[in-house]
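Written below as structure tokens is the structure these notes are about.
If you're wondering where the values come from, they're calculated on a predicted model, not measured in any experiment. Residues: numbered from 1 along the sequence shown. Counting starts at 1 for both ligands and their atoms, following the listed order.
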Amino acid sequence: MLFSSKVVAVHIVALVLTTIVYRLSPFHPLWRFPGPVINRITSLYNAYKTYTGERHLYVDELHRRYGRIVRIGPDALSINSFSAVSQVYSSTNAMTKGRAYTYGGAHGSGLFFMKSRAEHSKRRKIWAPAFAQSNLPTFRQAIHRRTFQLMQVIQERCDTRGVVNLGEAIGHWTYDIMGDVTFGASSQVELLENGDSEGLIRSGQLATTAFEIIGEVPLLFSILWYFPVTKKMRALEERAGRWMTARQNAPDQDKQNDIASFLLVKDGSKPKLTHADLRVDSLFAIQAGSDTPAGVLTLMFFFLIKDSQVYDALRNELDMAFPDATVPLNMHALGQLEYLSAFMTESLRLGAPFHGFPRITPNEGAFLDEWFVPGGITVSVPGWSQHIDEDNFYPEPLAFRPQRWLPGGLGTGSRANKAAIMAFSSGPYSCLGKQFAMEEITISLVRIVLTYDLEFAPEFDADSFYAGALNVRTPVFKRPLNVVAKRRCAQPGEAQRYI
Ligand code: HEM
């Protein structure tokens with residue numbers, strides 16, 4: 001027994017050593033690409049950086065040290081090149097999703113996790129009509145109704161000094177909107193009214209973190225699915241399944257044009273998606289549609305309040321455009337406002353710090369920018385690095401300057417390459433909710449600025465807050481965005497709720 005255990009141990013050690021030697025050797029197809037030794041050997045360090053929420057910073061640091069192309073894993077390259085974006089993500093030959101999208105032990109399949117282009121495109125055709133222009137008015141009602149509620153909640157949650165955790169209120173607002181948009185009138189999601197005593201938002205973030213970390217070592221997923229580390233993911237998926245069942249049993253008048261009504265389509269008499277598929281897809285709808293917009297909006301308010309010149313410029317433009325601050329808002333009118341538009345674009349640049357969405361090179365390999373990359377390799381263009389690259393944004397790429405998007409930019413020689421903003425990604429796997437997200441973020445930003453004067457709470461430390469603003473596929477915050485909110489105008493008219 002002891003002898004056979006020793007033999008097994010020796011075999012394992014030999015296998016590990018051989019793998020390490022091979023990954024470092026000139027026989028490995030990625031041998032000629034620079035990168036730290038640890039990353040050439042294993043993805044575990046990347047997994048750790050994902051866990052800490054600093055992966056985008058780490059990848060950027062590697063590019064500064066090693067150049068435009070870096071070996072970030074045994075079989076993975078990061079390519080910090082604007083010209084590689086279209087080849088990897090958006091051209092007609094865009095690459096397929098990488099192994100990191102494996103959603104191991106789940107019984108159903110979901111749009112986001114589908115790696116085959118053909119299967120993904122079939123599922124995307126089911127989802128897409130929900131986000132078509134013709135259906136947006138339905139979703140718009142949820143935005144306006146919930147924003148109306150948010151204005152009340154901000155006031156109600158202020159303590160005696162007028163301090164409120166704005167980031168938390170925004171998180172509850174996006175979650176409730178996604179409940180409405182996904183499950184219609186039968187939605188059981190009410191965080192603005194009831195708070196989040198069950199920790200749904202935190203569980204969602206932990207599930208996303210677990211998915212991202214395990215995505216670095218996808219082979220482990222099927223095993224870890226049955227361990228406590230993925231418990232949150234399983235619990236949330238089960239919860240989404242119960243919400244979906246409630247939605248299916250709801251009265252007919254409550255089933256109008258929500259995302260569920262598109263996912264529940266039938267092929268003849270047979271549903272196109274199984275209940276297991278519906279669980280995965282509806283959970284993803286809530287997660288994708290709530291966490292990321294909430295994070296981007298939270299960072300937007302941070303940038304706004306931090307710089308009084310920016311705040312004054314935006315508030316003045318909005319006050320001039322809407323002398324009666326309680327009037328209904330619509331995207332057409334807001335689209336005419338130059339400074340608002342510059343502010344939104346700059347917020348997407350610094351507010352969505354993704355590390356790069358992994359794709360797989362085709363069997364025959366591909367030329368990416370000036371490099372030939374062999375087939376079957378994971379490649380990504382790091383969004384955050386592109387967003388702060390001096391070739392795209394100059395000067396002061398790390399500073400929040402809406403002015404860079406206005407005529408004249410930041411002076412002679414300044415650059416602002418809008419096409420380099422990768423916040424919603426591009427191509428066949430790009431964000432389906434982009435237009436909806438832009439609308440909800442813009443409406444709430446404008447409504448809050450018109451309704452409240454905001455400043456940081458007395459004890460708020462802006463540097464610590466920003467240092468704790470991390471990213472695990474979605475922005476996450478170590479510290480609360482505590483602000484003092486002083487009412488400027490009355491609650492918008494009742495009609496506002498439904499516009
Ligand atoms: C500021 C807010 C948002 C940002 C920055 C954002 C960003 C993204 C990105 C980068 C992807 C692609 C990820 C990848 O390839 O791995 C994505 C996918 C997706 N997003 Fe968003 N998103 C936002 C809001 C929303 C909202 C509000 C919804 C729904 C209402 C939504 C629905 C989706 C869907 C369904 C996909 C999957 C598309 C597919 O695989 O075909 N997103 N999003």
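Residues Arg146 and Asp180 are paired through a salt bridge, judged by an N-O separation under 4.0 Å between the basic side chain and the carboxylate. Glu346 and Arg349 are joined by a salt bridge, as a carboxylate oxygen and a charged side-chain nitrogen come within less than 4.0 angstrom of each other. The pair Glu168-Arg157 meets the salt-bridge criterion, with a side-chain N (NZ, NE, NH1 or NH2) lying under 4.0 Å from an Asp/Glu carboxylate O. Of the charged side-chain nitrogens involved, at least one lies within less than 4.0 Å of a carboxylate oxygen, so that Asp281 and Arg123 count as a salt-bridged pair. Under the 4.0 Å criterion applied to side-chain N and carboxylate O atoms, Asp258 and Arg247 are assigned as salt-bridge partners. Ion pairing between a basic and an acidic side chain is recognised when a charged N comes within 4.0 Å of a carboxylate O; Asp391 and Arg68 show such pairing.
Around OH of Tyr466, the count of heavy atoms belonging to other residues, nucleotides or ligands within 6.0 Å exceeds 12. Counting non-hydrogen atoms of neighbouring residues, nucleotides and ligands closer than 6.0 angstrom, the CZ atom of Phe131 exceeds 12 such neighbours.
The residue Leu348 has no part lying near ligand 1, judged by heavy-atom distances below 4.0 Å. At a heavy-atom distance under 4.0 Å, no atom of Ala285 approaches ligand 1. Residue contacts with ligand 1, taken as heavy atom pairs separated by less than 4.0 Å, involve Arg473 solely via side-chain atoms from C-beta onward. Contacts with ligand 1 closer than 4.0 Å are made by side-chain heavy atoms of Lys97 only, the backbone lying farther away.
Near Met178, with a cut-off below 4.0 Å to any heavy atom, the atoms of ligand 1 are 29 (C), 30 (C). Taking a cut-off of under 4.0 Å to the non-hydrogen atoms of Trp127, the atoms of ligand 1 that pass are 35 (C). Atom numbering of ligand 1 starts at 1 in the shown order; those under 4.0 Å from a heavy atom of Tyr429 are 12 (C), 15 (O), 38 (C), 39 (C), 40 (O). Close approach to Ile441 involves these atoms of ligand 1, each under 4.0 Å from a residue heavy atom: 1 (C). Counting atoms of ligand 1 from 1 in the listed order, those under 4.0 Å from a heavy atom of Tyr101 are 14 (C), 15 (O), 16 (O). Less than 4.0 angstrom separates some heavy atom of Leu111 from each of these atoms of ligand 1: 35 (C), 37 (C), 38 (C), 39 (C), 40 (O), 41 (O). Per-residue contacts place Glu440 under 4.0 angstrom from the following atoms of ligand 1 (heavy atoms of the residue considered): 27 (C). Residue Phe131 has at least one heavy-atom neighbour below 4.0 Å for each of these atoms of ligand 1: 29 (C), 30 (C).
Polar contact check, His120 against ligand 1: a nitrogen or oxygen pair lies under 3.5 Å apart. Ligand 1 has a nitrogen or oxygen under 3.5 angstrom from a nitrogen or oxygen of Arg359.
A heavy-atom separation below 4.0 Å is not found between Gln287 and ligand 1. Under a 4.0 Å heavy-atom criterion, Tyr89 is not in contact with ligand 1. Residue contacts with ligand 1 leave out Phe139, since none of its heavy atoms falls under 4.0 Å from the ligand.
Protein N/O/S atoms found under 2.8 Å from atom 21 (Fe) of ligand 1, listed by chain and residue number: Cys431 SG.
Between Ile177 and Ile143, the shortest heavy-atom distance links the atoms CD1-CA, 4.1 Å.
Side-chain atoms of Thr361 come within 3.5 Å of backbone atoms of Ile377 as a donor-acceptor pair (strictly under, hydrogens ignored).
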